[in-house]
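Presented below is the structure to which this report refers.
These numbers come from a predicted model, not from an experiment. Quick note on labels: first sequence line is chain A, next is B, and so on, each numbered from 1.
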There are 2 protein chains.
Amino acid sequence: MAQEQIRIPQATARRLPLYYRFLNNLHSQGKQRVSSAELSEAVKVDSATIRRDFSYFGALGKKGYGYNVNYLLGFFRKTLDQDELTKVALIGVGNLGTAFLNYNFLKNNNTKIEIGFDVDETKVGTSIGDVPIYHMDQLKEKLVEEGISVAILTVPAPVAQIITDQLIEADIKGLLNFTPARLNVPPSIRVHHIDLAVELQSFVYFLKHYPSNEKEDTI
Amino acid sequence: MAQEQIRIPQATARRLPLYYRFLNNLHSQGKQRVSSAELSEAVKVDSATIRRDFSYFGALGKKGYGYNVNYLLGFFRKTLDQDELTKVALIGVGNLGTAFLNYNFLKNNNTKIEIGFDVDETKVGTSIGDVPIYHMDQLKEKLVEEGISVAILTVPAPVAQIITDQLIEADIKGLLNFTPARLNVPPSIRVHHIDLAVELQSFVYFLKHYPSNEKEDTI
DNA sequence: GTGACTTTGTGATATAGTTAACAAAAAAAC
DNA sequence: GTTTTTTTGTTAACTATATCACAAAGTCAC
């Protein structure tokens, strides 16, 4: 089902969900058309960058007019596989994990946390925000059973690698790592690190050492 | 007190806290020396990139030997202002906010969440993880009183801009925004966006459309 | 002390990402 | 229907980042 696409730059790919969300907002406000300049104001991305990003997918706009919101939205829905649901597992139901469960992402969205895991017996067997929590012992068994190949890792740092090894065993494809550990995985598995302590520290570094001018946001 | 430094690339600056943390680990393991190759293995950053990063600060290593862990650690401690504490406010004590409060960053770290704000009367007046929670009405008053100029924003998206306007009033300098909203701020204020829904969505997009090869991590 | 080995620091190069600027096309005004 | 205005799509230039590859300077073994 994955449509073959000319490879777009990663920086562009990272902005697509953002565009999609704001187009949704515009749509529900009843807007029919939007220019790259307007969109730029909303998402805080240079308008030339937006036009460039869109152009990787062909000529989506019309000169002198802008972009048709509905058309663009439909196009991105397909491109971002918004009709196909990706099931995600959450490993580690601590404070951060619980935040994710309560948040859950299925709003205008194509991802859903289907299952959670923890070692805490008081959590095992319960549900948080509709998501059932299982014991970590059942990790492999349940992931295979449910056919889940994406995991969010929110466990304590010291056990991060051990659990990662189990996830590899369970044939996971992608791992969104919120622990401070840098994980060892085979090259076939994609890992993104989101390191909140590093984010805060480097942010403070920027504040002290760089004159701020609203540039260089994360995401 | 801010030492005047030749401007280093932002990409390098973002990696510094990471290096610092792993050097700390090595130090507490009793390691005396480390090569860029070893460090590369640990932090998953190319060894040439590490050497280049370090070289912006001068010749910190020794050929044929590597880097002295203690020396490097001391150097980065100064560079990252680890002796100077930056006080941070947390705005919005929901699930994610609570996760931050319980996490708190002051481990080997130069940042501390000093104060929290929420509108929920059951939370106001309590403390979470040692951090007192005040009502949002006291935002400006308390921030000015405590001399806090960095805030973490974990409020619901619809009120993000309103509260941001209050933070601007309170003369904030930096804002780490965890809401999906793209905030309007004057150019003198630095904003970093960390958009968890976008992270997850773009991650899933990468998984489907790009052959994974362990590259291009988010910090 | 000598030769083999290690590892840095950095020029050169490659790769990626952003932005200015503008012709071309269409829309809007009249 | 003509002119003015708007706005795209893209070429070209620029800026940033990552990586290769290697001389230079040391360490290490004996």
Side-chain angles (χ1 to χ4, degrees), chain A residues 6-16 18-19 23 26 31-69 71-72 75 193 202 206 209-211 213-219, chain B residues 6-16 18-19 23 26 31-69 71-72 75 187 202 206 209-211 213-219:
Chain A
I6 293 96
R7 186 67 56 79
I8 60 169
Q10 296 205 344
T12 297
R14 288 176 60 77
R15 283 187 290 264
L16 294 183
L18 193 62
Y19 297 145
L23 287 171
L26 292 175
K31 281 211 92 177
Q32 300 290 319
R33 59 184 272 194
V34 66
S35 68
S36 60
E38 281 175 278
L39 202 50
S40 169
E41 169 58 25
V43 300
K44 312 291 184 200
V45 170
D46 187 275
S47 69
T49 301
I50 292 176
R51 292 198 300 281
R52 168 86 55 205
D53 283 347
F54 287 3
S55 78
Y56 291 118
F57 299 99
L60 302 177
K62 213 186 273 188
K63 299 185 184 196
Y65 175 88
Y67 301 90
N68 180 290
V69 172
Y71 177 75
L72 211 51
F75 184 85
H193 300 278
S202 65
F206 280 129
H209 296 266
Y210 292 69
N213 55 0
E214 203 170 347
K215 290 304 202 70
E216 183 277 323
D217 309 37
T218 299
I219 271 282
Chain B
I6 293 99
R7 185 68 55 80
I8 59 168
Q10 297 204 344
T12 298
R14 289 176 60 79
R15 283 187 290 265
L16 294 182
L18 194 62
Y19 296 146
L23 287 170
L26 291 175
K31 281 211 92 176
Q32 300 290 318
R33 58 184 273 193
V34 66
S35 68
S36 61
E38 281 176 278
L39 202 50
S40 169
E41 170 57 25
V43 299
K44 313 290 182 201
V45 170
D46 186 274
S47 69
T49 301
I50 292 176
R51 291 198 300 281
R52 172 81 60 197
D53 282 347
F54 287 3
S55 78
Y56 291 118
F57 299 100
L60 302 177
K62 215 188 272 189
K63 299 186 183 195
Y65 175 89
Y67 300 90
N68 180 290
V69 173
Y71 177 74
L72 210 51
F75 185 84
S202 65
F206 280 129
H209 296 266
Y210 292 70
N213 56 359
E214 204 171 345
K215 289 305 201 70
E216 183 278 323
D217 310 36
T218 299
I219 269 285

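For the pair B/Y56 OH and D/dA16 P, the interatomic distance rounds to 11 Å; values are reported in whole Å. Atom-to-atom, CD of A/Q10 to C1' of C/dT18 comes out at 16 Å; the value is rounded to the nearest Å. When the P atom of C/dG17 is taken as reference, atom CD1 of A/I8 falls 11 Å away, rounded to whole Å. Nucleotide C/dT19 holds its C1' atom 12 Å from the CG atom of A/D53, rounded to whole Å. One interatomic measurement links the two molecules: CZ of B/R14 to P of D/dA18, which rounds to 10 Å at whole-angstrom precision. Across the protein-nucleic acid pair, B/I50 atom CD1 and D/dC20 atom C1' stand 16 Å apart, rounded to whole Å. We find that CG of B/D46 is positioned 13 Å from C1' of C/dT15, with the value rounded to whole Å.
Annotation for B/Q32 and B/Y65: closest pair O-OH, 4.3 Å, computed over non-hydrogen atoms. Nearest heavy atom pair, residue B/E38 against residue B/R33, reads OE1-O, 4.3 Å. For A/S202 against B/A13, the heavy-atom pair with the smallest separation is CB-O, 4.1 Å. A/L39 and A/V34 get closest at one heavy-atom pair: N-CG2, 4.1 Å. A/S40 and A/V45 make their closest contact through OG-O, 2.6 Å (heavy atoms, listed as atom of the first residue, atom of the second, distance). Minimum interatomic distance between B/L23 and B/V69 (heavy atoms only, all atoms of both residues): O-CG1, 3.9 Å.
Taking 4.0 angstrom as the limit, A/T49 places none of its side-chain polar atoms (N or O) nearer than this to OP1 or OP2 of C/dT18. For D/dA18, the OP1/OP2 oxygens have a side-chain nitrogen or oxygen of B/R15 closer than 4.0 Å.
Donor-acceptor pairing under 3.5 Å, judged by distance alone, is absent between the side chain of A/R52 and the base of D/dT10.
When the C1' atoms of four end pairs are superposed on the next four at each end of the helix from C/dG1-D/dC30 to C/dC30-D/dG1, using five pairs per end, the two resulting axes differ in direction by 30°, to 10°.
Of the residues A/Y67, A/Y71, A/F75, the one that meets the ring-ring contact (aromatic ring centres under 6.0 Å, His included) test with A/F57 is A/F75.
Proximity of A/F54 to A/T12: side-chain heavy atoms (C-beta onward) are nowhere separated by under 4.5 Å. A/V43 is not listed as a side-chain neighbour of A/R15, based on a closest heavy-atom distance of 4.5 Å or more.
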Study note, to complete from the structure: Under a 4.0 Å heavy-atom criterion, the protein footprint on nucleotides 2-8 of chain D, written with B, S and -, is ----BBB
